[in-house]
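Chain letters run A, B, ... following the sequence lines, proteins first and then strands; every chain starts at 1.
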Amino acid sequence: MTGAILEFDRPIVELEEKIKELRQFAREKEINLDAEIANLEKRVQALKENIYQNLAPWQKVLVARHPERPNMLDYINRLCTDFVQLHGDRLYGDDPALAGGIARFDGRPVTVLGQIKGRDTRENLARNFGMAHPEGYRMAMRLMRQAEKFHRPVLAFIDTPGAYPGMGAEERGISNAIAECIQTMLMLEVPVLSVIIGEGGSGGALALASGDCILIQEHAVFSVISPEAYASILWKDSSRAREAAGVMKITAADLEALHLVDEVIPEPLGGAHHDPDGAAERIREVLSRRLPELAARPVGQLLAARGEKFRRIGDPRIYLTGNDIT
Amino acid sequence: MLELFKKQKYVTVASDAGRREMPDGLWIKCPRCSEIRFARELEKTLKVCQKCGHHFRLTAGERIQFTLDEGTFTAYDADLEPVNPFHSTEYAQKLAAARQASGLAEAVVGGEGAIDGQRVVVVIMDAQFMMASMGTVAGEKITRAIERAAEKELPLIIFTASGGARMQEGVLSLMQMTKTVSALCRHSRRGLLYVTVLTDPTTGGVSASFAALGDIILAEPDALIGFAGPRVIEQTIRQKLPEGFQRAEFLRQHGFVDLVTPRPQLKAVLSRLLDLHRREQS
Ligand SMILES: [Zn+2]
């Protein structure tokens, strides 16, 4: 771990450092410290369990935004082979905040899409912190139509604070781009699987989440607006973001309870940033189970089920019980 | 103070939606040119300032009155009340206040009526109700209106307005974007006409979903239309936005709106579009 260390991660990181040092010491001095090391490893395990099984919503936000959390390309490299990255919307430009291409998953060609944040300030500036412009969403549409033409499923990885709120984005029609991206995905005649792998922020995230299933990693979040903005707008106090995260129902477990996501994908103990390979394996298990099932469905059935799924989502009849409006 | 000037001529709007006495002699000051005029006079010009052309925001009731043939409107789902999914006391209070201020149960009024005798399903978003933010039930009412239009093979006109998402309803609010667009796909597959009229303000999730997907997109003059609010953009780029940025005319110039239609011509334009899409002639 080289990037920013989360406060609640610190005891884990420190202990892991200590184990590393002890191993080196044992090797150099040729003494056997196996018992001590095993003991410390047990303590790390217990710490991780204790911390990561009890993360508060705000802590999940921090984990979801962790600079070392694997991004879409990290997962593509682990889940797929033969990746060819494609660029540009054929209308205006190429958006470094939203990547896409073709790859092979479980032997089957797939189209992959997703927002990408940077690991450090330099890369974040280059990738605009994962906040896409209209050209990103228009490239996504182009690649989705291409996927349809070649009958290959689409895997979309979501990780963005939101679409970029800037002048160029408005001038080039960010509203139009997001709306059409949603529409394109809803009508696409191939299976579409969306995985929220980090921060699912607002309409910019939703644009890639209109497929046959919405999957979310255990410590990822999905929200209508950032907790900071929620606190700032509703309570006029952005310092209450921690509290806002609690009431907004943005964690994977909350979203599952609200029937807004189809499945929560477990993460290795300590979160995806502690073990990217383990995180990728768990995503693979879910995709390998769901993709062939969706791919086997006749198109008519696929689209009908997709329509029904979104018709049910947010149907107020589900939430009427216990409603305390007078 | 605009809510004081609601008309009571239309009668078919659900319950007492938007009905209130308009005392004679009340006056309104134009926010743009400061011209002061009697409310009744302003009503005659469809709430457009005669001097500077400023379009005052309309209530759902006024929109119905100015657009549909008299007495033709029937509301859908007028009794559908907002939900408070996370049982927030703050939100319950805001809803109660919004209902008090607007006389509406939600920010959306949907229903069926006629324009020059041509039947049409209309959806109107009323900014008086929590700035027409997109809640679960607002989305549900829009979705049901779209579905009825599809079932009845009728054209659809949505008058959009929205300050953004109904944050108090969390991701449920966000998901209304997908739900409404999904319903529009079904309406569109039947070859039916969908016209959006973007009114002040149309921002956030509404602008990035059904508002942007009309076969034909009209906008009222000077309406604020954009995804991000101007203040959010100014904070992000740390500079002031130029005059006219994100206004209807700006969107027309950038290719995202077909026509900017002054309110006095709006009914005639809608009527002609409906006529051009009459099904028996094709
Ligand atoms: Zn004026």
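With rounding to the nearest 0.5 Å, the separation of CG in B:L251 from OG in A:S175 is 8.0 Å. Remark: A:L206 CG to B:M177 CE distance equals 5.0 Å, nearest 0.5 Å. How far OG of B:S182 is from CE of A:M185: 13.5 Å, rounded to the nearest 0.5 Å. Rounding to the nearest 0.5 Å places CD1 of A:I178 at 7.5 Å from OG of B:S207.
Residues of residues 211-226 of chain B that come closer than 4.5 Å to chain A, counting heavy atoms only, are B:A212, B:L213, B:G226, ordered by residue number. When the heavy atoms of residues 228-247 of chain B are compared with those of chain A, the residues falling under 4.5 Å are B:A228, B:V232, B:I233, B:T236, B:I237, B:Q239, B:L241, B:P242, B:F245, B:Q246, listed by number.
Looking at B:R166, there are no atoms closer than 4.5 Å to chain A (heavy atoms on both sides), in backbone or side chain. For a residue to count as touching a neighbouring chain, one of its non-hydrogen atoms must lie under 4.5 Å from one of that chain's; by this rule B:E169 does not touch chain A. Looking at A:L255, the atoms closer than 4.5 Å to chain B (heavy atoms on both sides) all sit in the side chain, from C-beta outward. For A:R172, the part lying near chain B is the backbone, with the side chain staying farther off; criterion is any non-hydrogen pair under 4.5 Å.
Across every non-hydrogen atom of A:E171 and B:F256, the tightest pair is O-CE1, 3.4 Å. Of all the heavy atoms in B:F227 and A:A163, the pair that sits closest is CE2-CB, 3.8 Å. The two residues A:V247 and B:F86 have their closest heavy-atom pair at O-CD1, 4.0 Å. Counting all heavy atoms, side chain and backbone alike, B:S173 lies closest to A:V224 at OG-CG2, 4.3 Å. When all heavy atoms of B:T178 and A:S210 are compared, the pair lying nearest together is CG2-OG, 3.7 Å.
Comparing A:S223, A:A209, A:A179 by how many heavy-atom pairs each has under 4.5 Å with chain B, the most go to A:A179. Chain B forms more heavy-atom pairs under 4.5 Å with one residue of A:R306, A:M248, A:K249 than with any other, namely A:K249. Counting heavy-atom pairs closer than 4.5 Å to chain B, the top-ranked of the candidates A:G200, A:S202, A:A169, A:G166 is A:S202.
Around atom CZ of A:R242, no more than 12 heavy atoms belonging to other residues, nucleotides or ligands sit under 6.0 Å away. At most 12 heavy atoms of other shown residues, nucleotides or ligands fall within 6.0 angstrom of atom CZ in B:R252.
Looking only at side-chain heavy atoms (C-beta outward), A:L234 and B:Q168 come within less than 4.5 Å of each other. Looking at A:N176 and B:H254, their side chains never come closer than 4.5 Å, going by heavy atoms from C-beta outward. Residues B:E140 and A:R311 meet the side-chain proximity criterion, which asks for heavy atoms closer than 4.5 Å. Between A:F310 and B:T143, the closest side-chain pair of non-hydrogen atoms is not below 4.5 Å. Between B:V181 and A:L186 the shortest side-chain heavy-atom distance falls below 4.5 Å. Under the 4.5 Å side-chain criterion, counting only non-hydrogen atoms from C-beta, B:M175 is in contact with A:I214.
Every residue two or more places apart in sequence or in another chain that forms a side-chain hydrogen bond (donor to acceptor under 3.5 Å, both in side chains) with B:E112 is listed here: B:Y76, B:R119, B:K152. A search for ring pair (Phe, Tyr, Trp, His ring centres under 6.0 Å) contacts involving A:Y230 returns A:W235, not counting sequence neighbours.
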